[in-house]
Enquirer: 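Got a structure for you, written out below as structure tokens; questions coming shortly.
From a predicted model like this one, the values you see are computed outputs, not experimental measurements.
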Amino acid sequence: MEESMEQSTDESPARPRSPIVNVLVRVFVDDLDAALPLYESLAGTEAERFTFRGVQLARVGPFLLLAGDTAAYRDRSATIEVRDLDEVLRALAEAGGEVVEGPTPGPKGARLIARHPDGAVFEYIEIA
């Protein structure tokens, strides 16, 4: 019995390159110093610490630890590092999302907070 295999002639355009470079999982901790050893061990790297709007932060590989008065930051699902915020803004507008805050300068680059049409809230940071 002979099977014929048809080749697809669909020549749809290639998808554009994603603006997303990295996704950081947000971890809210009571004591940044006490939490860091585990995350440094898991990520195999030392923490990069900084402060933003009175909140202590530490980036450790794919983790973004937050300590202090973090109430204003708990609505965000993740922090997403991108090549170009303009691409994010364009995609949000096309999908019916909304910018909640920004773009504004941040400690690691321009940033914005966006609510997707499904209700998910993300922080986007433009990295060089």
Enquirer: Report yes or no: do V29 and L64 belong to one cluster of Ile/Leu/Val/Met/Phe/Trp/Tyr joined by side chain heavy-atom distances under 4.5 Å?
Expert: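 Different clusters.
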
Enquirer: Side chains of I80 and L24, heavy atoms from C-beta outward: is any pair under 4.5 Å?
Expert: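 No; the side chains remain at least 4.5 Å from each other.
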
Enquirer: Return the set of residues passing salt bridge (Lys or Arg N to Asp or Glu O under 4.0 Å) with D33 (not counting sequence neighbours), or none when no residue passes.
Expert: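 Once residues adjacent in sequence are excluded, the partners of D33 under the salt bridge (Lys or Arg N to Asp or Glu O under 4.0 Å) criterion are R49.
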
Enquirer: Would you say that V99 contacts L89 through its side chain, given a criterion of any heavy-atom pair below 4.5 Å between the two side chains?
Expert: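 Yes; the side chains approach each other to less than 4.5 Å.
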
Enquirer: Of the non-hydrogen atoms in A58 and L36, which two are nearest, and what is the gap between them?
Expert: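 Nearest pair, atom of A58 first, then L36: CB-CD2, 3.7 Å.
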
Enquirer: Would you please test E101 and R53 for salt bridge (charged side-chain N to carboxylate O under 4.0 Å, His left out) and show each step?
Expert: CA-CA 14 Å; E101 178 187 320; R53 296 182 180 168; 3.0 Å; yes

Enquirer: On a heavy-atom basis, which atom in L92 and which in A114 lie closest, and how many Å separate them?
Expert: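 L92 and A114 have their closest heavy atoms at CD1-CB, 3.4 Å.
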
Enquirer: Kindly give the heavy-atom pair with the smallest separation between F52 and P105, and that separation in Å.
Expert: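 Shortest heavy-atom contact: CE1-O, 4.4 Å.
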
Enquirer: Using a 4.5 Å cut-off on heavy atoms from C-beta on, say whether the side chain of R59 contacts that of N22.
Expert: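 Side chain of N22 against side chain of R59, heavy atoms only: contact under 4.5 Å found.
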
Enquirer: According to a hydrophobic-cluster definition based on side-chain heavy atoms being under 4.5 Å apart (Ile, Leu, Val, Met, Phe, Trp, Tyr only), do I20 and V88 belong together?
Expert: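 Yes: a chain of side-chain contacts under 4.5 Å links I20 to V88.
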
Enquirer: Heavy atoms, side chains only, cut-off 4.5 Å: are Y124 and E87 in contact?
Expert: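 No, their side chains stay 4.5 Å or more apart.
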
Enquirer: Within the 4.5 Å heavy-atom criterion, are R115 and I113 side-chain neighbours or not?
Expert: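 Result no, sub-4.5 Å side-chain heavy-atom pair not found.
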
Enquirer: In this structure, are over 12 heavy atoms from other groups packed under 6.0 Å from D118 atom CG?
Expert: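 Counting other residues, nucleotides and ligands, CG of D118 exceeds 12 neighbours.
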
Enquirer: Indicate if F50 and Y73 have the same hydrophobic cluster label, given that clusters are the connected sets of ILVMFWY residues with side-chain heavy-atom separations under 4.5 angstrom.
Expert: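 Yes, F50 and Y73 fall within the same hydrophobic cluster.
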
Enquirer: Grab the two heavy atoms, one from A67 and one from V55, that are nearest each other, plus how far apart they are.
Expert: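 Answer, listing the atom of A67 first, then V55: O-CG1, 3.3 Å.
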
Enquirer: Can I get a per-line list of side-chain donor-acceptor pairs under 3.5 Å for residues 37-46, giving both atom names and the distance, sequence neighbours left out?
Expert:
unit_1	atom_1	unit_2	atom_2	d
E40	OE2	A47	N	2.9

Enquirer: For salt bridge (charged side-chain N to carboxylate O under 4.0 Å, His left out), just list the numbers for K108 and E81, CA-CA rounded to whole Å, side-chain angles, deciding distance to a tenth of an Å, and then say yes or no.
Expert: CA-CA 10 Å; K108 300 295 175 184; E81 295 177 325; over 6 Å; no

Enquirer: Within the 4.5 Å heavy-atom criterion, are R26 and R74 side-chain neighbours or not?
Expert: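 No - every pair of side-chain heavy atoms lies 4.5 Å or more apart.
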
Enquirer: Quick one: does R76's side chain get under 4.5 Å of F122's, heavy atoms only?
Expert: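 They are not in side-chain contact.
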
Enquirer: Donor-acceptor pair, distance only, cut-off 3.5 Å: does the side chain of E126 make one with the backbone of L85?
Expert: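 Side chain of E126 to backbone of L85, a donor-acceptor pair under 3.5 Å: yes, one is there.
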
Enquirer: With the side chain counted from C-beta on, respond yes when I127 and V82 share a heavy-atom pair under 4.5 Å apart, and no when they do not.
Expert: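 Not in contact.
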
Enquirer: Check A35 against L65 and note the closest heavy-atom contact, atom names and distance.
Expert: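 Nearest heavy atoms, A35 then L65: CB-CD2, 3.9 Å.
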
Enquirer: Do you see a donor-acceptor pair shorter than 3.5 Å between the side chains of T51 and Q56?
Expert: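 No donor-acceptor contact under 3.5 Å links the two side chains.
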
